[in-house]
Enquirer: 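First the structure, which I've put down as structure tokens, then a few questions once you've had a look.
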Amino acid sequence: MTKPPSVPERRLQLETLAVHGAHADIEGAVATPIFQTSTYRTHDRRDLSYDAVRYSRLSNGPNHLILQGRLALLTGTEATLVCASGMAAISASLITLVAPGERIFFQRGLYGGTQMLAAQDLPRFGIGCDIAQSDDVATWRAVIQPGTRVIYVEAMANPLVTIIDLAAVVALAREIGALAVIDATFASPINLRPATLGFDLEVHSATKYLNGHSDVIAGVVAGRGELVKRILTTQNHLGGCLDPHACFLLERGLKTLPLRVRQQNANALALATFLAAHPVVTRVHYPGLNPARFVPAAVRDAFHGYGGVLSFEVSAALAAQLLGRLELAVHAPSLGGPETLVTRPATTSHLGLSVAERAAIGIHDGVVRVACGIEAAADIIADFAQALTPG
Ligand SMILES: *Cc1c(COP(=O)(O)O)cnc(C)c1O
């Protein structure tokens, strides 16, 4: 939590805010120094309330406050909170916003960690978790149960990069008196600012695009100030804070966020275009190939790009061979870093499902997911071209 950014800062563009936003002058240092301290001297001895204590678990050191201020500017939200991981951000948020006896309605095809949280952990706190059976938001009204306090969706669902009608999600949440919460990890604030669509809260795995260097695990909560403040209190109790050194790394990563994400958008579009024309590739999933077809009209203007993740389908045998033949792209989970990463969902994120269950949600054994990095697109395309050549 930090003080709201000033009005002039709000008028600057994202490229500028990523570098200068919420900067504080500390001994003239151009880069924010790391405050590697657990605790701080108490200056005002008359006020010893818990809130007045400065202690690194409370996310109120200079590294936290500057970083949270910058993230508020980038996301265009009232307040933000940095967390130890994306899952720390998601779990602290949901535990805070929903009480025992109340319910959460989730989009289907969720990130695996969130899916497990909904299946195994939240029910133990008496929180009912329902998962949509369809991506058509118009069908949700009829199945949402009374007592639903949160509708939870993802900006782009993995691995088929599905974009649902996010504007309809917000409208439905308003109608039933629920909060609209979105995991915007796959979009990053460069491609989508969910607050402009009216989302009450967004969560990010900052491990991905926001940090962007495959070297930090971190999470972010951003949204309405009153909600973020309540989630901060929960995080203070659960203890899932981000340490000052990780704050420094994340702040450093943010400075190049616009540059990196634009390169990743361009690389993914170039690779998707190449794959779509390749004779052994049967399907390519990337909304940027044809936004008029794959992005609901109500949210098309809200997206400024479609990110670095795409997936494509080949025979299961070729998919298995492909991962061993790639020379530049790395066989590893995650996304948003400088390196292009490749996985087979059937053997990683969706391993827990049967072949039939996977097929029912469109994840055949020949699906390959690519998370584009920031390399030269031509080099990555050449790598896939040689790996797809039979022989
Ligand atoms: C990686 C990821 C998470 C979890 O983030 P961690 O930082 O690994 O805890 C949540 N949601 C999405 C969409 C992700 O890609």
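Every number for a ligand or one of its atoms is a count from 1 in the order of the listing. The structure displayed is predicted, hence computed values, not measured ones.
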Enquirer: Please go through Leu249's hydrophobic cluster and name the other residues, only I, L, V, M, F, W, Y counting, with side-chain heavy atoms under 4.5 Å joining them.
Expert: Ile34, Val216, Phe248
Enquirer: Taking Thr32 as the fixed residue, which of Arg70, Glu251, His23, Arg252 is the one that meets the side chain to side chain donor-acceptor pair (under 3.5 Å) rule?
Expert: Glu251
Enquirer: With the threshold set at 4.0 Å, does a side-chain nitrogen-carboxylate oxygen contact exist between Arg224 and Glu202?
Expert: no
Enquirer: In a table with atom names and distances, give each donor-acceptor pair under 3.5 Å that connects a side chain of residues 284-296 to protein atoms at least two apart or in another chain.
Expert:
residue : atom : partner : partner atom : Å
His285  : NE2  : Glu313  : OE2          : 2.8
Tyr286  : OH   : Gly307  : O            : 2.6
Asn290  : OD1  : Arg293  : N            : 3.4

Enquirer: Dump all N/O pairs between ligand 1 and the protein below 3.5 Å as a table: atom names plus distance, one pair per row.
Expert:
residue  : atom   : partner : partner atom : Å
ligand 1 : 5 (O)  : Ser205  : OG           : 2.9
ligand 1 : 7 (O)  : Gly86   : N            : 2.9
ligand 1 : 7 (O)  : Ser205  : OG           : 2.8
ligand 1 : 7 (O)  : Thr207  : OG1          : 2.6
ligand 1 : 9 (O)  : Gly86   : N            : 3.0
ligand 1 : 9 (O)  : Met87   : N            : 2.9
ligand 1 : 11 (N) : Asp183  : OD2          : 2.6
ligand 1 : 15 (O) : Lys208  : NZ           : 2.8

Enquirer: Per the ring-ring contact (aromatic ring centres under 6.0 Å, His included) rule, what does the pair list look like for residues 296-319, sequence neighbours excluded?
Expert: Phe303-Tyr306
Enquirer: Rounded to the nearest 0.5 Å, how far does CG of Leu110 lie from CE of Met116?
Expert: 11.5 Å
